Chemist: 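My structure is below; once you've seen it, I'll send some questions.
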Amino acid sequence: MTEASPRGLIVELCRQFYTQGWVSGTGGGVSIRTGGRVYMAPSGVQKERIVESDLYVLDEEGSVLERPQASGLNPSACSPLFFNAFRMRDAGAVIHSHAMCAMLATLVFREAFECTELEMIKGISGHGYFDRLRVPIIENTAQERDLADSMANAIQAYPRSYAVLVRRHGVYIWGKDWVEAKTHAECYHYLFEAAVRMNGLGFDARKASEPTLDLLEGGKR
């Protein structure tokens, strides 16, 4: 994959993320910024079936440079959100996921997702095992583009985060390039799922060094 073009990478990643439940039902997507150009899939299409000629190419100001060969396609509704990460964090790639674990995490936590002392925290740039990982949660809107301002405010308020969760919706995750964005996405999704499952078992992912509960023996904390 390291030798693939941005178009080829987006097609391959969308297919992979579809199998993981991140971009199902035409929702979600991937955008890559490189060489002064931004590549992204069109809006409202089945991401696992797109081909390279379906992609849009934009400049770094958001103007369309190349359109898909197929008719009836529109630029991704996520464009303003992708560009928030490009402009404010100098991201090289952004992944938008509708994964169940990301959505459920926004129901377990209020203003921000938090966890500590989970091994996969180390996969997020600048974080270690004993750090407290925090991801802001913003409220959903009827139209995706209307999330842009609240997402920008969250990015400013949480400078260490590489993600923004959207209540009852999903998550935007980025990195310096597609490799880091993919790594961050895999680690964040693991942590979201772990925290949700821990909550169901009576554990709080925000608390450090909780005693182990032997559920099989009916132990109590």
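Owing to the predicted nature of the structure, the values given are computational and were not obtained by experimental measurement.
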Chemist: Treating R33 as the side-chain partner and A91 as the backbone partner, does any N or O pair qualify as donor plus acceptor under 3.5 Å?
Modeler: yes

Chemist: Pairing donors with acceptors under 3.5 angstrom, does anything connect the side chains of H96 and E144?
Modeler: yes

Chemist: A side-chain contact here means heavy atoms from C-beta on lying under 4.5 Å apart; do D204 and M198 qualify?
Modeler: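 Side-chain contact under 4.5 Å: no.
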
Chemist: What distance do I137 atom CD1 and R110 atom CZ have between them, rounded to the nearest 0.5 Å?
Modeler: 11.0 Å

Chemist: Pick one: which of V164, D149, N153, L165 meets side chain to side chain contact (heavy atoms under 4.5 Å, CB included) with I138?
Modeler: V164

Chemist: Within a strict 4.5 Å, meaning less than it, do heavy atoms of the T106 and V166 side chains meet?
Modeler: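 Side-chain contact under 4.5 Å: no.
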
Chemist: Applying side-chain hydrogen bond (donor to acceptor under 3.5 Å, both in side chains), run through S97 and H189 and close with a yes or a no.
Modeler: CA-CA 9 Å; S97 165; H189 281 78; 2.8 Å; yes

Chemist: Roughly how far, to the nearest 0.5 Å, is CD1 of I10 from CG of L55?
Modeler: 5.0 Å

Chemist: What distance separates S31 OG from L81 CG, expressed to the nearest 0.5 Å?
Modeler: 11.0 Å

Chemist: What is the distance from atom OG1 of T141 to atom CE of M151, rounded to the nearest 0.5 Å?
Modeler: 12.0 Å

Chemist: Report the C-alpha distance between I95 and Y172 in whole Å, list the side-chain angles of each, state the deciding distance to 0.1 Å, and finish with yes or no for side-chain contact (heavy atoms from CB on, under 4.5 Å).
Modeler: CA-CA 6 Å; I95 296 167; Y172 287 85; over 6 Å; no

Chemist: Are the ring centres of Y56 and Y39 closer than 6.0 Å?
Modeler: no

Chemist: Taking the side chain as C-beta and beyond, is there a heavy-atom pair between M40 and L58 under 4.5 Å?
Modeler: yes

Chemist: Does a side-chain N-to-carboxylate-O contact under 4.0 Å join R87 and E60?
Modeler: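 Between E60 and R87 there is no salt bridge, as every charged N stays at least 4.0 Å from the carboxylate O atoms.
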
Chemist: Considering all heavy atoms of both residues, which atom of V51 and which atom of V11 are nearest to each other, and what is their separation?
Modeler: C-CG2, 3.7 Å

Chemist: Would you mind checking if D54 and R67 are paired as a salt bridge, meaning a charged N to carboxylate O distance below 4.0 Å?
Modeler: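 Looking at R67 and D54, the cut-off is not met.
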
Chemist: Backbone N or O of S76 within a donor-acceptor pair of the S79 side chain at under 3.5 Å?
Modeler: yes

Chemist: Applying the 4.5 Å side-chain criterion to the ILVMFWY set and letting contacts propagate, would F130 and L133 be lumped into a single cluster?
Modeler: no

Chemist: For S125, check side-chain hydrogen bond (donor to acceptor under 3.5 Å, both in side chains) against everything at least two apart and list the hits.
Modeler: Y162

Chemist: Any pair with a residue in residues 57-83 that passes ring-ring contact (aromatic ring centres under 6.0 Å, His included), sequence neighbours left out, goes on the list, sorted by first then second residue, please.
Modeler: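 Applying ring-ring contact (aromatic ring centres under 6.0 Å, His included) to every pair that reaches into residues 57-83, excluding sequence neighbours, yields F83-F86.
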
Chemist: Are S24 and Q46 close enough that some pair of their side-chain heavy atoms sits under 4.5 Å apart?
Modeler: no

Chemist: Measure the spacing between OG of S53 and CD of E66 and express it to the nearest 0.5 Å.
Modeler: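 If I round to the nearest 0.5 Å, the distance is 11.5 Å.
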
Chemist: Just wondering, do L65 and R37 contact through their side chains at under 4.5 Å, heavy atoms?
Modeler: yes

Chemist: Where is the tightest heavy-atom contact between V30 and C14, given as atom of each residue plus distance?
Modeler: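 Shortest heavy-atom contact: CG2-SG, 4.2 Å.
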
Chemist: Is the closest basic N to carboxylate O distance between R132 and E117 below 4.0 Å?
Modeler: no

Chemist: Is the shortest side-chain N to carboxylate O distance from R134 to E114 below 4.0 Å?
Modeler: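 Yes.
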
Chemist: Can any side-chain N or O of S63 pair as donor or acceptor with the backbone N or O of D59 at less than 3.5 Å?
Modeler: no

Chemist: Give a yes or no on whether a salt bridge exists between R167 and E139, defined as a side-chain N under 4.0 angstrom from a carboxylate O.
Modeler: yes

Chemist: So how far is it from L9 CG to Q16 CD, rounded to the nearest 0.5 Å?
Modeler: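 Those atoms lie 11.0 Å apart.
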
Chemist: Could you tell me whether D131 and R160 have a side-chain N and a carboxylate O separated by less than 4.0 Å?
Modeler: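 A salt bridge is present here (some side-chain N lies under 4.0 Å from a carboxylate O).
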
Chemist: Show, in sequence, the C-alpha distance, side-chain angles and deciding distance for M88 and Q156, and conclude whether the side-chain contact (heavy atoms from CB on, under 4.5 Å) test is met.
Modeler: CA-CA 8 Å; M88 300 178 69; Q156 289 182 326; 3.4 Å; yes

Chemist: Apply side-chain contact (heavy atoms from CB on, under 4.5 Å) to the pair H98 and M103, showing each step before the final yes or no.
Modeler: CA-CA 7 Å; H98 283 193; M103 187 279 291; over 6 Å; no

Chemist: I want to check something: taking the side chain as every heavy atom from C-beta on, are L73 and P68 in contact at a cut-off of under 4.5 Å?
Modeler: yes

Chemist: Is I124 linked to Y158 within one hydrophobic cluster, defined over Ile, Leu, Val, Met, Phe, Trp and Tyr using a side-chain heavy-atom separation of less than 4.5 Å?
Modeler: no

Chemist: Between S161 and Y188, is there a side-chain heavy-atom distance shorter than 4.5 Å?
Modeler: yes

Chemist: Measure across L191 and C115 and return the closest heavy-atom pair with its distance rounded to 0.1 Å.
Modeler: CD2-SG, 4.2 Å

Chemist: For atom OH of Y190, is the number of surrounding heavy atoms from other residues, nucleotides or ligands below 6.0 Å larger than 12?
Modeler: no

Chemist: Would you indicate whether E111, at its atom CD, is surrounded by more than 12 heavy atoms from other residues, nucleotides or ligands within a distance under 6.0 Å?
Modeler: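 Atom CD in E111 is not crowded, with 12 or fewer foreign heavy atoms closer than 6.0 Å.
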
Chemist: Please walk me through it: do W174 and I155 pass side-chain contact (heavy atoms from CB on, under 4.5 Å)?
Modeler: CA-CA 11 Å; W174 59 87; I155 288 175; 3.9 Å; yes

Chemist: Establish whether L118 and Y129 are linked, either directly or via other cluster members, by ILVMFWY side-chain heavy-atom contacts under 4.5 Å.
Modeler: no

Chemist: Determine the minimum heavy-atom distance between G175 and A181, stating which atoms define it.
Modeler: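 G175 and A181 have their closest heavy atoms at N-CB, 3.6 Å.
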
Chemist: Are more than 12 heavy atoms, taken from residues, nucleotides or ligands other than M100, located less than 6.0 Å from that residue's CE atom?
Modeler: no

Chemist: Could you tell me which non-hydrogen atom of G29 sits nearest to which non-hydrogen atom of K47, and how far apart they are?
Modeler: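 Heavy atoms of G29 and K47 come nearest at CA-CE, 4.3 Å.
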
Chemist: Look at atom CD of Q69 and say whether more than 12 heavy atoms of other residues, nucleotides or ligands are closer to it than 6.0 Å.
Modeler: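 It does not: Q69 CD has 12 such atoms or fewer within range.
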
Chemist: Considering non-hydrogen atoms only, spot the tightest contact between F192 and C101 and give its length.
Modeler: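 Closest approach of F192 to C101, heavy atoms only: CB-O, 3.7 Å.
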
